Amino acid sequence: MSAAALRIAIGIATAGRREQMPLTLAQIARQTVPPARVVVCPAGPDDYDAAGAPPLPCPVVVVHGPRGLTAQRNRILEACADLDVLVFIDDDYYPAPDYLQQLAPLFAAYPDIVVATNHPVSDGATGPGIAHEEALAILAGASNPPGVTPSLKTTYGGYGCNMAVRVATAVRHGVQFDVNLPLYGWLEDIDFSRRMARHGRIVACSTLLGVHLGVKRGRNSGLQ
């Protein structure tokens with residue numbers, strides 16, 4: 001399948017970040033190659049305001065299910081079973097405008113790749129977080145040059161803030177996120193990736209750029 005023919009969705013599981021979601025969706029609207037679909041799964045009715053979302057050049061589908069990151073991501077995966085690639089991003093991850101433009105040729109050229117990811121250009125998850133305007137400035141200074149050739153490196157697992165999945169592989173082999181990892185779902189991305197790794201390659205791609213704000217609202221301490 002050619003890169004242009006690939007049907008790519010973006011999926012966002014969100015909780016406690018109602019004010020952040022419009023800002024993240026606005027970055028998706030800037031994609032040079034728009035997604036075929038955006039699927040949002042809020043943890044509860046107050047976690048997402050569809051009326052306040054910015055316009056996107058693609059359908060936005062809202063799905064509902066049990067609260068918890070792993071359960072919400074499973075609902076998103078189910079809603080994208082008819083597509084080719086699903087990019088899970090965190091509700092506070094800003095993909096660079098060419099993120100999908102870089103992703104499509106990767107999945108088209110390498111049918112053995114089942115998960116693709118990259119570490120964010122800047123990651124606020126391990127510190128005080130990154131403000132919206134600062135994140136935009138970081139992205140503006142970190143764009144891919146025209147005609148860049150991506151470098152690929154085999155990696156142990158996808159980073160859940162931006163993790164692209166070959167949907168047919170997950171559906172065919174029944175790979176889902178483990179709902180026994182409740183609430184925040186620590187390391188659910190690694191758990192999912194290692195089961196996908198039985199069926200293909202997990203890679204980090206240098207041209208998949210973005211900033212993870214690391215918003216502290218909506219997180220739990222992990223100490224339960």
Side-chain angles (χ1 to χ4, degrees), residues 1-14 20-42 48-65 69 72-118 139 144 150 158-177 189 192-193 196 199-203 205 207-210:
M1 184 179 293
S2 70
L6 276 179
R7 298 162 299 166
I8 302 176
I10 292 178
I12 306 175
T14 186
Q20 176 60 43
M21 277 296 294
L23 301 176
T24 300
L25 290 173
Q27 300 311 305
I28 295 174
R30 298 175 62 218
Q31 289 296 301
T32 54
V33 173
R37 183 183 307 158
V38 172
V39 181
V40 178
C41 185
Y48 177 64
D49 176 19
L56 270 74
C58 67
V60 178
V61 178
V62 181
V63 296
H64 301 280
L69 179 59
Q72 288 169 249
R73 284 191 162 178
N74 283 340
R75 285 292 290 117
I76 293 170
L77 183 57
E78 292 165 4
C80 296
D82 59 321
L83 301 183
D84 300 304
V85 178
L86 169 57
V87 187
F88 288 105
I89 68 170
D90 280 0
D91 53 13
D92 61 345
Y93 178 84
Y94 291 176
D98 68 345
Y99 191 101
L100 297 187
Q101 180 182 333
Q102 297 292 332
L103 184 72
L106 178 67
F107 274 82
Y110 300 98
D112 60 327
I113 290 177
V114 293
V115 174
T117 190
N118 197 22
L139 275 183
N144 289 304
Y159 187 4
C161 72
N162 75 118
M163 182 170 70
V165 174
R166 193 177 294 275
V167 175
T169 302
V171 171
R172 184 183 310 120
H173 298 285
V175 180
Q176 291 191 320
F177 291 87
D189 45 3
F192 183 92
S193 295
M196 287 290 283
H199 312 293
R201 282 199 294 159
I202 314 291
V203 300
C205 176
T207 55
L208 300 180
L209 305 181

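Because the structure is predicted, anything quoted here is derived from the model rather than measured.
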S.K.: I'd like to check Pro34 versus Leu100 (side-chain heavy atoms, cut-off strictly below 4.5 Å). Are they in contact?
M.R.: no
S.K.: Side chains of Val114 and Ile202: closer than 4.5 Å at any heavy-atom pair?
M.R.: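 The answer is yes, as the side chains (C-beta and beyond) meet within the 4.5 Å cut-off.
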S.K.: Hey, what do you get for CG (Leu69) to CG (Asn74), rounding to the nearest 0.5 Å?
M.R.: 9.5 Å
S.K.: I want to check something: taking the side chain as every heavy atom from C-beta on, are Phe192 and Met163 in contact at a cut-off of under 4.5 Å?
M.R.: yes
S.K.: Go through the side-chain N and O atoms of Arg75 and Gln72 and say whether any donor and acceptor fall under 3.5 Å apart.
M.R.: no
S.K.: Which heavy atom of Ala53 sits nearest a heavy atom of Tyr48, and at what distance?
M.R.: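 Closest pair (atom of Ala53, atom of Tyr48, distance): CB-OH, 3.6 Å.
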S.K.: Determine whether the aromatic ring centres of Phe177 and Phe88 lie less than 6.0 Å apart.
M.R.: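 Here the rings of Phe88 and Phe177 have centres that are less than 6.0 Å from each other.
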S.K.: Set out, in order, the CA-CA distance, both residues' side-chain angles and the distance that settles side chain to side chain contact (heavy atoms under 4.5 Å, CB included) for Leu208 and Leu103, then state yes or no.
M.R.: CA-CA 7 Å; Leu208 300 180; Leu103 184 72; 4.0 Å; yes
S.K.: Side chains of Pro42 and Thr14: closer than 4.5 Å at any heavy-atom pair?
M.R.: yes
S.K.: Which pair of non-hydrogen atoms, one from Cys58 and one from Pro35, has the smallest distance, and what is that distance?
M.R.: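 Taking every non-hydrogen atom into account, CB-O, 3.1 Å.
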S.K.: May I ask you to test the Leu139-Tyr94 pair for a side-chain heavy-atom distance under 4.5 Å?
M.R.: yes
S.K.: Out of curiosity, Leu25 CG to Leu56 CG, how far, rounded to the nearest 0.5 Å?
M.R.: 6.0 Å
S.K.: Just verifying a value: how many Å separate Cys205 SG and Asn162 CG, rounded to the nearest 0.5 Å?
M.R.: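 If we round to the nearest 0.5 Å, Cys205:SG and Asn162:CG are 10.5 Å apart.
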S.K.: Would you mind reporting whether Gln27 and Pro95 have side-chain heavy atoms less than 4.5 Å apart?
M.R.: yes
S.K.: With rounding to the nearest 0.5 angstrom, report the CD to OG1 distance, Gln101 to Thr32.
M.R.: 3.5 Å
S.K.: Shortest non-hydrogen contact from Tyr93 to Cys161?
M.R.: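 For Tyr93 and Cys161, the tightest heavy-atom pair comes out as CG-O, 3.4 Å.
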S.K.: Mind checking what makes salt bridge (charged side-chain N to carboxylate O under 4.0 Å, His left out) contact with Arg201, not counting sequence neighbours?
M.R.: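 With sequence neighbours excluded, Arg201 shows a salt bridge (charged side-chain N to carboxylate O under 4.0 Å, His left out) to Asp112, given in chain and number order.
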S.K.: Measuring from Thr207:OG1 to Asn118:CG, what's the distance to the nearest 0.5 Å?
M.R.: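 The OG1 atom of Thr207 sits 7.5 Å away from the CG atom of Asn118.
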S.K.: Do Ile89 and Tyr99 have side chains that get closer than 4.5 Å, going by heavy atoms?
M.R.: no
S.K.: If you look at every heavy atom in Ala104 and Leu6, which pair is closest and at what distance?
M.R.: O-CD1, 3.2 Å
S.K.: Taking the side chain as every heavy atom from C-beta outward, state whether Met21 and Ile12 have any pair of such atoms under 4.5 Å apart.
M.R.: yes
S.K.: For Ala13, does its backbone N or O pair with a side-chain atom of Arg73 as donor and acceptor, under 3.5 Å?
M.R.: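 Pair absent, no side-chain N/O of Arg73 close to backbone of Ala13.
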S.K.: What is the minimum heavy-atom distance between Ala81 and Val167, and which atoms define it?
M.R.: CA-CG1, 3.9 Å
S.K.: Who passes side-chain contact (heavy atoms from CB on, under 4.5 Å) against Ala9, sequence neighbours left out?
M.R.: Arg37, Cys80, Leu83, Leu86
S.K.: For the OH atom of Tyr159 and the CG atom of Asp189, what is their distance to the nearest 0.5 Å?
M.R.: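 Result: 8.0 Å between the selected atoms.
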S.K.: Any idea which heavy atoms bring Ala3 and Ala108 closest together, and the distance?
M.R.: N-CB, 3.6 Å
